[in-house]
Amino acid sequence: MTAPEGPLVAGVDSSTQSTKALVVDTATGRVVARGQAPHTVTTGEGRESDPEQWWRALLAALAECGPAAAEAAAVSVAGQQHGLVTLDAQGRPVRPALLWNDVRSAPQRELLVEQLGGPAQWARRTGSVPAPAFTVTKWAWLRRHEPEAARASAAVRLPHDFLTERLTGRAATDRGDASGTGWWSTETGTYDEEILELAGMPPELLPPVLTPGEAAGTVRDLEDSPLTPGTLVATGTGDNMAAALGLGLRPGRPVVSLGTSGTVYAVSTRRPADPSGTVSGFADARADWLPLACTLNCTVAVDRTAALLRRDREEVEPGGTVAMLPFLDGERTPHLPYATGLLTGVQQATSGGQVLQAAYDGAVFALLRALDLVLEVDPQAARAASEPLLLIGGGAKGVAWRETVRRLSGRAVQVPRAEELVALGAAAQAAGLLLGEDPGAVARRWNTAEGPVHEPVERDEEALARLDSVLEGAGELLSRKS
Ligand SMILES: Nc1ncnc2c1ncn2[C@@H]1O[C@H](COP(=O)(O)OP(=O)(O)O)[C@@H](O)[C@H]1O
Ligand SMILES: O=C(CO)[C@@H](O)[C@H](O)COP(=O)(O)O
């Protein structure tokens, strides 16, 4: 291994399917070591994971980085957004975490939206109309369905701040991830007391929200930890906020992320507040904003379709009349929590490859329709309209994904060579803390967004119109509670 030119830092991405850890040279951005460990997510009615498994996966992923992990002078943990982690007085999970893609809290969401005075009120105060993904709706679900678990909770955390607290022994979260709870006001930058009251959430159960650039603490003397005690720990943030840091994103530059979730977002200097609920008005991990739309059915739904068809995920075929809305897990964008997948337009001549392509088209269609709204938040976005879409997440490695985004967006697409942008963003945050630099500037210095640009192709208006018409025509069917 070539000797690093600067101090080392570690960045962790604890996302839905796995934990990924990187050790990075702060001088150059070179990844000197990496590790990964899988998570288990329940299937069936809900989506849950054991926070203890995340903790073990974090230690395992860092251990896989070898001796470099112990040399890291600072560390930061980014995590999947929204998940409800309930802890007892000893810091042990009361029950498994309810994840962002668990839609069981849809009825509680309806009630909460109504009780505060409707969608516009929520958007004005918190920047978002909460989806069933948001922590506030999950807490309401827990109180309704498992009141004993709610009563036993001495602390409520998000995935990233649960892990950060395990490292430091101190409760802390950041404004980016706090903005996805539904009980943190983007208007005032504090927890919203009326919403906490409405949701029955005692404020003392929540962690303080640190300001960007503040340290969460230092690594404790922990059994089995590959990190050196005393290592600086940054606040961490939600995974999408971390990816924005990792790309060194400037306002208006659009990102399409294809992971377990699909997300489209851009940094904005304006606080978003979309009363339609399509755009979540998140804070970013610096002092700006991150208007974002998220779909529940992205790479996992397409991989499932490929498996049903017994095809490799790249075995797509063009043409035909088939259309698919791959809303296998219910959907968040558009807001159809009770939906199931819909396949239509199948003819004798339809091939398996065309059905698979239709699944990609349906997944990308939902994201791109929301992107227009995301970019409306900030006038600077108009100036960036001709810039390539940045394509990231596990799906960005796939040719079928990339070509579908190109064909349905009609825009150039840039795929950064750096693969783990969430972990890299966490590393940039750790480096920023260590060196007293803006983490966005750190990532730009590391040139993380660099990668091949795929020129625009003509937008496939016919496919988009077909999907628009199927979505409109199937509204009642997709909204039906089975
Ligand atoms: N070579 C590839 N081509 C296309 N898709 C891929 C490839 N490798 C991984 N993926 C997809 O990436 C997804 C995981 O993406 P990732 O961003 O790591 O998810 P998360 O961060 O939500 O855990 C998998 O569901 C898989 O479908
Ligand atoms: O709910 C959202 C964003 O609001 C998701 O984007 C989660 O943050 C999960 O992320 P991945 O595991 O798919 O990266």
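Excluded from the calculations below are hydrogen atoms, water molecules and symmetry mates; all remaining heavy atoms, backbone and side chain alike, are included. Both ligands and their constituent atoms are indexed starting at 1 by order of listing.
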What one should report as the nearest heavy-atom pair of L205 and S153 is CD2-O, 3.4 Å
The protein heavy atom nearest to atom 14 (C) of ligand 1 is Q17 NE2, 3.8 Å
of all protein heavy atoms, closest to atom 4 (C) of ligand 1 is R313 CD, 3.3 Å
- Message: Whether the side chain of S49 engages the backbone of T40 through a donor-acceptor N/O pair (distance < 3.5 Å, no angle test) should be reported.
- Response: yes
Here the atoms of ligand 1 under 4.0 Å from any heavy atom belonging to S15 are 20 (P), 21 (O), 23 (O)
Residues 266-285 vs salt bridge (Lys or Arg N to Asp or Glu O under 4.0 Å), sequence neighbours excluded, gives R175-D284
Within 4.0 Å of some non-hydrogen atom of T16, the atoms of ligand 1 are 23 (O)
- Query: Does an N or O anywhere in D13 fall below 3.5 Å from an N or O of ligand 1?
  - Reply: no
Q) Does any N or O in the side chain of T295 come within less than 3.5 Å of the main-chain N or O of C298, such that one atom is a donor and the other an acceptor? A) no
So for Q80 against ligand 1, with non-hydrogen atoms under 4.0 Å, the contacting part is neither
Mark yes when over 12 heavy atoms from residues, nucleotides or ligands other than E194 sit less than 6.0 Å from its CD; otherwise mark no. no
The side-chain contact (heavy atoms from CB on, under 4.5 Å) partners of T42 (sequence neighbours excluded) come to E48
**Prompt:** If we only count N/O pairs under 3.5 Å, is K20 in contact with ligand 1?
**Reply:** yes
Note: ligand 1 atoms sitting under 4.0 Å from heavy atoms of G393 are 17 (O)
Has E314 got a side-chain atom pairing as donor or acceptor with G398's backbone, closer than 3.5 angstrom? no
Near D303 (heavy-atom distance under 4.0 Å), the atoms of ligand 1 are 25 (O), 26 (C), 27 (O)
Would you say S128's side chain and G281's backbone share a donor-acceptor pair under 3.5 angstrom? yes
The closest protein heavy-atom partner of atom 1 (N) of ligand 1 is K397 CB, 3.6 Å
Checking heavy atoms under 4.0 Å, the part of T260 that sits near ligand 1 is both
- [ ] Please check if the side chain of T137 supplies one atom and the backbone of A133 the other of a donor-acceptor pair under 3.5 Å.
- [x] no
Dump the pairs for me: ligand 2 N or O, protein N or O, distance under 3.5 Å, to 0.1 Å.
{"from": "ligand 2", "atom 1": "1 (O)", "to": "H82", "atom 2": "NE2", "distance (Å)": "3.3"}
{"from": "ligand 2", "atom 1": "1 (O)", "to": "R332", "atom 2": "NH1", "distance (Å)": "2.9"}
{"from": "ligand 2", "atom 1": "4 (O)", "to": "H82", "atom 2": "NE2", "distance (Å)": "2.7"}
{"from": "ligand 2", "atom 1": "4 (O)", "to": "R332", "atom 2": "NH1", "distance (Å)": "3.4"}
{"from": "ligand 2", "atom 1": "4 (O)", "to": "R332", "atom 2": "NH2", "distance (Å)": "2.7"}
{"from": "ligand 2", "atom 1": "6 (O)", "to": "N240", "atom 2": "ND2", "distance (Å)": "3.0"}
{"from": "ligand 2", "atom 1": "6 (O)", "to": "S261", "atom 2": "OG", "distance (Å)": "2.8"}
{"from": "ligand 2", "atom 1": "8 (O)", "to": "Q81", "atom 2": "N", "distance (Å)": "2.9"}
{"from": "ligand 2", "atom 1": "8 (O)", "to": "D239", "atom 2": "OD1", "distance (Å)": "2.8"}
{"from": "ligand 2", "atom 1": "8 (O)", "to": "D239", "atom 2": "OD2", "distance (Å)": "3.4"}
{"from": "ligand 2", "atom 1": "10 (O)", "to": "D239", "atom 2": "OD2", "distance (Å)": "2.8"}
{"from": "ligand 2", "atom 1": "10 (O)", "to": "S261", "atom 2": "OG", "distance (Å)": "3.4"}
{"from": "ligand 2", "atom 1": "12 (O)", "to": "T16", "atom 2": "N", "distance (Å)": "3.1"}
{"from": "ligand 2", "atom 1": "12 (O)", "to": "T16", "atom 2": "OG1", "distance (Å)": "2.4"}
{"from": "ligand 2", "atom 1": "13 (O)", "to": "T260", "atom 2": "N", "distance (Å)": "3.4"}
{"from": "ligand 2", "atom 1": "13 (O)", "to": "S261", "atom 2": "N", "distance (Å)": "2.8"}
{"from": "ligand 2", "atom 1": "13 (O)", "to": "S261", "atom 2": "OG", "distance (Å)": "2.7"}
{"from": "ligand 2", "atom 1": "14 (O)", "to": "D239", "atom 2": "OD2", "distance (Å)": "2.8"}

Per side chain to side chain contact (heavy atoms under 4.5 Å, CB included), R369 is matched among V264, L464, T333 by L464
Residue, atom and distance of the protein heavy atom nearest atom 11 (C) of ligand 1 read G394 C, 3.8 Å
query: Does V300 reach ligand 1 with a nitrogen or oxygen that is under 3.5 Å from one of the ligand's nitrogen or oxygen atoms?
result: no
Residues 418-430 vs salt bridge (Lys or Arg N to Asp or Glu O under 4.0 Å), sequence neighbours excluded, gives K20-E420
Exercise for review: Using atom types as modelled and distance alone, determine if a side-chain donor or acceptor of T299 lies under 3.5 Å from a backbone N or O of G259.
Suggested key: yes
Paired with R47, the side-chain hydrogen bond (donor to acceptor under 3.5 Å, both in side chains) test is passed by just one of D329, T260, T16, namely D329
Does any N/O atom on T299 come nearer than 3.5 Å to any N/O atom on ligand 1? yes
For G398, the ligand 1 atoms with a heavy-atom partner under 4.0 Å come out as 3 (N), 4 (C)
